[in-house]
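One is the number of the first residue; the rest follow in order along the sequence.
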Amino acid sequence: MEKIFDGQRPAKLGTENNPAVVNVQTKKRMKEVASIFEKNGWKYKIDLQPDKEEDISALEILMNWPKPVAAEKKVGRNEPCPCGSGKKYKKCCGT
């Protein structure tokens, strides 16, 4: 039986263990992309492939990293209901 989950977290994108891999079509574009990686201190691998479509999705992920989202505060059972009825939450919308 093959083990599916080994308990190890994947390395963060742009690090030594998981460098960002991008494909570009020209040497000029290769220099532009490399300068962005170096400016931010990310590890990368750039493949020059003139016959394939450019793929810089790993760079876009690194540049637009999602921000943490704060969870909304839950309404307690004995607090007034947010609907404005004046009743306790547990007797109004919390049923």
Side-chain angles (χ1 to χ4, degrees):
M1 184 171 177
E2 186 178 338
K3 195 173 185 182
I4 296 173
F5 179 69
D6 63 359
Q8 300 292 320
R9 281 181 46 176
K12 186 176 176 184
L13 184 63
T15 60
E16 193 71 40
N17 292 334
N18 187 15
V21 178
V22 295
N23 297 323
V24 294
Q25 293 180 324
T26 64
K27 287 187 179 188
K28 181 181 176 187
R29 183 68 173 149
M30 186 179 200
K31 289 178 183 176
E32 291 172 2
V33 172
S35 69
I36 294 170
F37 278 116
E38 290 170 5
K39 183 176 87 174
N40 290 293
W42 297 320
K43 303 296 179 194
Y44 62 94
K45 180 182 174 206
I46 301 177
D47 292 328
L48 181 61
Q49 298 178 344
D51 55 329
K52 289 191 177 179
E53 187 176 330
E54 181 174 280
D55 177 21
I56 58 167
S57 56
L59 176 60
E60 291 170 354
I61 290 169
L62 285 169
M63 293 181 74
N64 301 311
W65 201 258
K67 305 288 184 243
V69 179
E72 289 184 24
K73 185 181 179 221
K74 290 186 176 181
V75 178
R77 287 176 37 88
N78 291 317
E79 293 178 15
C81 190
C83 75
S85 67
K87 297 180 182 179
K88 287 184 179 181
Y89 179 71
K90 68 181 179 183
K91 294 283 186 176
C92 186
C93 297
T95 56

Restricting to side chain to side chain contact (heavy atoms under 4.5 Å, CB included), what partner residues turn up for [X], sequence neighbours left out?
{"X": "Asn40", "value": "Ile36, Trp42"}
{"X": "Ala58", "value": "Leu13, Ala20, Val22"}
{"X": "Lys52", "value": "Gln49"}

**Asked** Does any pair with a residue in residues 56-77 pass ring pair (Phe, Tyr, Trp, His ring centres under 6.0 Å), and if so which ones, sequence neighbours excluded?
**Response**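 Ring pair (Phe, Tyr, Trp, His ring centres under 6.0 Å) check on residues 56-77 returns no pairs.
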
**Message:** For residues 13-41, which residue pairs pass the ring pair (Phe, Tyr, Trp, His ring centres under 6.0 Å) check, not counting sequence neighbours?
**Reply:**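 Residue pairs passing ring pair (Phe, Tyr, Trp, His ring centres under 6.0 Å), neighbours aside: Phe37-Tyr44.
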
**Prompt:** Do Leu62 and Ile46 share a hydrophobic cluster (ILVMFWY, side-chain heavy atoms under 4.5 Å, transitive)?
**Reply:**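 Per the 4.5 Å side-chain linkage, Leu62 and Ile46 are co-clustered.
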
**Asked** Cluster question for you: counting only ILVMFWY and a side-chain heavy-atom cut-off of under 4.5 Å, with indirect links fine, are Ile61 and Val24 together?
**Response**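 As far as the 4.5 Å side-chain criterion goes, Val24 and Ile61 are connected within one cluster.
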
**Request:** Quick one: list whatever passes side-chain hydrogen bond (donor to acceptor under 3.5 Å, both in side chains) with Asp55, sequence neighbours left out.
**Result:**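 Expected list: Ser57.
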
**Request:** Provide the full list of side-chain hydrogen bond (donor to acceptor under 3.5 Å, both in side chains) pairs with a residue in residues 78-87, sequence neighbours left out, each pair given once.
**Result:**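 Pairs touching residues 78-87 that pass the test: Asn78-Lys90.
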
**Item:** Spacing of CD1 belonging to Ile56 relative to CG belonging to Asn23, to within rounding of 0.5 Å
**Value:**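 If I round to the nearest 0.5 Å, the distance is 10.5 Å.
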
**Of all pairs that satisfy salt bridge (Lys or Arg N to Asp or Glu O under 4.0 Å), the ones with a partner from residues 17-42, not counting sequence neighbours** =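 Sorted result for residues 17-42: Arg29-Glu32, Arg29-Glu54.
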
For residues 69-76, dump all side-chain donor-acceptor pairs below 3.5 Å to protein atoms at least two apart in sequence or in another chain.
none

